[in-house]
Amino acid sequence: MSASPEYKKIPPLDELLKQAESLQQQYGRHSTAQALKAQLAVLRKQISTGTTLPDNRNALTSQIIEHTEHALHKQFEPSLKPVINLTGIILHTNLGRAPYPQAAIDAMVNVSRSACNLEFNLATGKRGRRDDHVEKWICELTGAEAATTVNNNAAAVLLTLNTLARKRDVIVSRGELIEIGGSFRMPAIMKKAQCKLREVGTTNRTHLKDYESAIGKRTGALMKVHTSNFEINGFSHSVSAAELSGLAQKHSLPLIDDMGSGNLIDLTAYELPAERTATEALNEGIDLITFSGDKLLGGPQCGIVAGKKSLIEAIEKNPLKRTMRLDKLTLAALEVVLKLYANPATLVEQIPALRLLTRTENQIQQTAIELKNYLDSHFKSVFNTEINPCESQIGSGALPTKTLASTAVTLHPVKGSVEQLAASLRELPAPVIGRIQNDAISLDVRALESVTDITEALQQLPR
Ligand SMILES: *Cc1c(COP(=O)(O)O)cnc(C)c1O
């Protein structure tokens with residue numbers, strides 16, 4: 001086989017590299033050589049299965065260079081890129097959770113261009129503290145005495161437990177020993193924080209006396225955990241934060257609450273399901289709360305710890321804090337988001353996550369009709385469409401049992417499978433992500449504020 005005269009037609013790598021000078025300049029010599037070698041391997045494979053190559057050496061060289069350029073272009077395309085989230089899960093952890101407010105994006109761009117006063121106090125000319133940029137706003141909005149920030153809520157929980165209860169028992173109700181998608185399991189976090197988990201009560205019922213009888217000289221803290229992604233109904237009982245607070249005070253123990261979502265406002269005012277606010281938790285007597293920045297708060301990925309000043313100071317002295325500190329981009333975005341909360345009148349308009357969650361059924365239906373009309377006039381040969389009612393989820397474990405009425409445009413492929421159609425939607429320059437359901441693709445348009453946001457992407461869809 002290797003005796004085939006076709007192999008002799010393949011130009012040598014050196015010669016191809018010379019021809020690929022501009023590719024080398026753009027992508028580097030190594031990557032270009034690798035990509036050329038890959039193309040030559042393809043040619044050899046084709047020859048071995050009986051393909052004949054062009055006789056004209058220049059034509060063959062151009063063809064190889066062209067394919068190499070295409071391969072390099074694909075290889076160097078951004079791996080992380082915007083997608084159009086029509087899954088119906090608004091704060092989708094796998095799709096990056098909350099979209100940022102424009103003002104937060106501007107602030108990030110602004111501080112990333114040059115040096116900034118991240119840890120530099122401009123009033124004194126001395127070293128500053130990075131949390132100073134956000135702490136007073138967190139305190140203002142939650143009523144906490146002090147606050148600190150880390151990379152995510154999982155880190156906030158780990159750091160809080162490790163600081164307050166290292167080598168001691170932490171008492172938690174069995175009904176709150178949660179696992180959250182993406183490997184957050186309370187028992188595992190406890191272990192890594194070097195705390196001993198002391199479970200009390202049963203899955204469905206825990207009483208104050210269960211906590212009380214578990215308190216001993218090894219106890220380091222009492223903890224409540226938001227059961228973010230499930231609900232126990234029926235014959236159940238849990239102990240309120242206020243009751244636990246009394247018990248914690250009696251024994252001089254800190255009471256921690258992992259709130260999960262960082263909710264700062266009364267959501268029922270916007271016809272969303274009720275969710276306890278940070279202020280409520282602190283008023284109930286919780287000493288330290290922890291929550292995420294990119295869930296209901298609608299900001300950047302981060303974890304916030306807020307509450308008693310003495311406890312926050314202890315947390316800041318923990319060397320682990322240094323391993324989880326926020327970068328300037330996140331702090332810049334968080335500062336803007338917190339300030340938006342200072343003006344409740346424009347809040348929902350300014351924070352995209354809240355704006356999407358509070359769109360009216362009527363608005364969403366209008367978008368669905370517009371999208372259906374657009375699709376019907378451009379893609380009749382690719383899929384048939386219909387409009388269906390559907391339910392959006394807030395996502396990220398926030399209020400999972402409470403869904404929001406929404407509308408979907410459902411796509412039924414004319415030829416080929418639903419999986420093939422879903423794959424071509426994912427291959428678009430701005431990938432469109434829907435949900436495969438009942439052998440069709442359901443596009444929940446709650447997160448599509450304008451149909452023009454999707455039409456440009458769809459123009460590339462093969463017809
Ligand atoms: C989401 C969640 C976490 C983890 O938060 P991340 O910001 O994703 O690290 C921890 N605890 C609860 C109760 C949660 O809901």
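Atoms within each ligand, like the ligands themselves, are counted from 1 in listed order.
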| Just distances here: any N/O of N153 and N/O of ligand 1 closer than 3.5 Å? | yes
| query | Got an N/O contact under 3.5 Å between D294 and ligand 1? | reply | no
| query | If only atom types and distance count, is the side chain of R325 paired as donor or acceptor with the main-chain N or O of N151 below 3.5 Å? | reply | no
| Euclidean distance, R130 CZ relative to N117 CG, rounded to 0.5 Å | 11.5 Å
| message | Geometry only, no angles: is S261 polar-contacting ligand 1 at N/O separations under 3.5 Å? | response | no
| message | Any heavy-atom pair between the side chains of I351 and Y341 that's under 4.5 Å? | response | yes
| Does ligand 1 have an atom that lies less than 4.0 angstrom from a heavy atom of K295? | yes
| query | Does R97 come within less than 4.0 angstrom of ligand 1, counting non-hydrogen atoms of the residue? | reply | yes
| task | Decide whether an N or O pair under 3.5 Å exists between A154 and ligand 1. | result | yes
| query | Can you list the atoms of ligand 1 that are under 4.0 Å from a heavy atom of H226? | reply | 13 (C)
| Test item: T124 side-chain N/O and K126 main-chain N/O as donor-acceptor pair under 3.5 Å | yes
| field | N or O contact, D258 vs ligand 1, cut-off under 3.5 Å | value | yes
| Counting distance only, does the side-chain N/O of S450 pair as donor-acceptor with the main-chain N or O of T452 below 3.5 Å? | yes
| field | Test item: side-chain donor near acceptor, R435 and S442, under 3.5 Å | value | no
